[in-house]
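We count ligands from 1, going down the list as the structure has it; atoms in each ligand are counted the same way. All values reported here derive from a predicted model rather than from experimental measurement.
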Amino acid sequence: MKIRVGQGWDTHRIVIGRPLILGGITIPADFGLEGHSDADVLSHAITDAIIGAIAAGDIGMHFPDTDPRWKGAGSLQFLQHAVKLATDAGFTISNVDSTVILEKPKLKDFRLTIRESLAATMGLALDQVSVKFKTAEKVGPVGEGRSAESQAVVCLLSP
Ligand code: C5P
Ligand code: MG
């Protein structure tokens with residue numbers, strides 16, 4: 001059996017007048033994230049983790065932010081594409097673990113909905129998808145409420 005581990009990280013600037021979308025779920029907030037796509041920082045980190053596990057480059061290589069096709073694009077389609085790349089390479093996803101670092105709002109009440117959305121997108125069971133939340137303790141750009149970050153790791157298996 002082959003085992004592959006992938007890691008992903010992403011950050012987006014906080015702006016007024018855009019929705020806050022995490023794992024495909026719109027979170028009630030008085031700000032959103034800036035980006036060419038829907039700026040779903042969590043989906044981007046998981047997508048990069050999967051692409052990284054199969055050494056297939058990175059998210060920007062597959063979905064350039066200069067390509068008008070991806071302007072305002074829903075990031076779950078990027079995630080779905082990464083899963084297909086992994087599947088085509090002969091891998092299944094064993095599990096995903098992720099962290100969103102955002103000072104506010106509190107996200108824990110949305111954990112189940114976000115996990116369900118990500119699991120459905122990736123064709124996984126709920127217990128294969130973990131999403132954690134942290135503040136940055138008011139330190140740095142995330143802590144000062146200027147940006148959001150996400151980190152993800154994924155384990156892929158091939159028989
Ligand atoms: O960052 P801190 O350790 O203070 O976070 C404590 C808990 O608050 C986290 O484990 C998480 O459950 C929750 N949290 C949250 N939404 C955030 C940040 C943290 O629900 N934006
Ligand atoms: Mg991104």
(request) For atom 16 (N) of ligand 1, grab the closest protein heavy atom and report residue, atom and distance to one decimal in Å. (result) L107 N, 2.9 Å

(message) Checking a contact table here: which protein heavy atom is nearest atom 13 (C) of ligand 1, and how many Å away?
(response) K106 NZ, 3.9 Å

(request) Indicate yes or no for a side-chain donor-acceptor contact from S158 to the backbone of I3 under 3.5 Å, with no hydrogens or angles considered. (result) no

(request) Can you tell me, to 10 degrees, how wide the angle at the Mg ion (ligand 2) is between NE2 on H12 and OD2 on D10? (result) 100°

(message) Treating H12 as the side-chain partner and E34 as the backbone partner, does any N or O pair qualify as donor plus acceptor under 3.5 Å?
(response) yes

(message) So for P105, does at least one of its heavy atoms come nearer than 4.0 angstrom to any atom of ligand 1?
(response) yes

(message) Please list the nearest protein heavy atom to atom 21 (N) of ligand 1 with its residue and the distance rounded to 0.1 Å.
(response) L102 O, 2.8 Å

(request) For E137, counting its heavy atoms only, list the atoms of ligand 1 lying under 4.0 Å from any of them. (result) 4 (O)

(request) Check the side chains of S150 and D10 for a donor-acceptor pair under 3.5 angstrom, ignoring hydrogens and angles. (result) no

(message) Which atom name does H44 have for its N/O/S atom nearest to the Mg ion (ligand 2)?
(response) ND1

(request) Please assess K134 against V142 for the test side chain to side chain contact (heavy atoms under 4.5 Å, CB included), listing each intermediate value before the final yes or no. (result) CA-CA 10 Å; K134 292 298 284 181; V142 176; over 6 Å; no

(request) Considering heavy atoms of the protein only, find what lies nearest to atom 20 (O) of ligand 1 and give residue, atom and distance to 0.1 Å. (result) K108 N, 2.9 Å

(message) Any N/O/S atom, side chain or main chain, of D40 closer to the Mg ion (ligand 2) than 2.8 Å?
(response) no

(request) Output yes when a side-chain donor or acceptor of H62 lies under 3.5 Å from a complementary backbone atom of G57, and no otherwise. (result) no

(request) Tell me which protein heavy atom sits closest to atom 12 (O) of ligand 1, plus the residue, atom name and distance to 0.1 Å. (result) R111 NH2, 3.8 Å

(request) Decide yes or no for F133 and I114: does some side-chain heavy atom of the first lie under 4.5 Å from some side-chain heavy atom of the second? (result) yes

(request) List the closest protein heavy-atom neighbour of atom 9 (C) of ligand 1: residue, atom name, distance to the nearest 0.1 Å. (result) F133 O, 3.2 Å

(message) Less than 4.5 Å apart, side chain to side chain, heavy atoms only: is that true for E149 and T99?
(response) no

(request) Would you name the heavy atoms of V15 and L33 that are closest together and state the gap between them? (result) CG2-C, 3.9 Å

(message) Regarding ligand 1, does K134 bring an N or O atom to under 3.5 Å of one of the ligand's N or O atoms?
(response) yes

(request) Would you name the heavy atoms of L79 and S43 that are closest together and state the gap between them? (result) CD1-O, 4.5 Å

(request) Return yes when at least one protein heavy atom is under 4.0 Å from atom 18 (C) of ligand 1, and no when none is. (result) yes

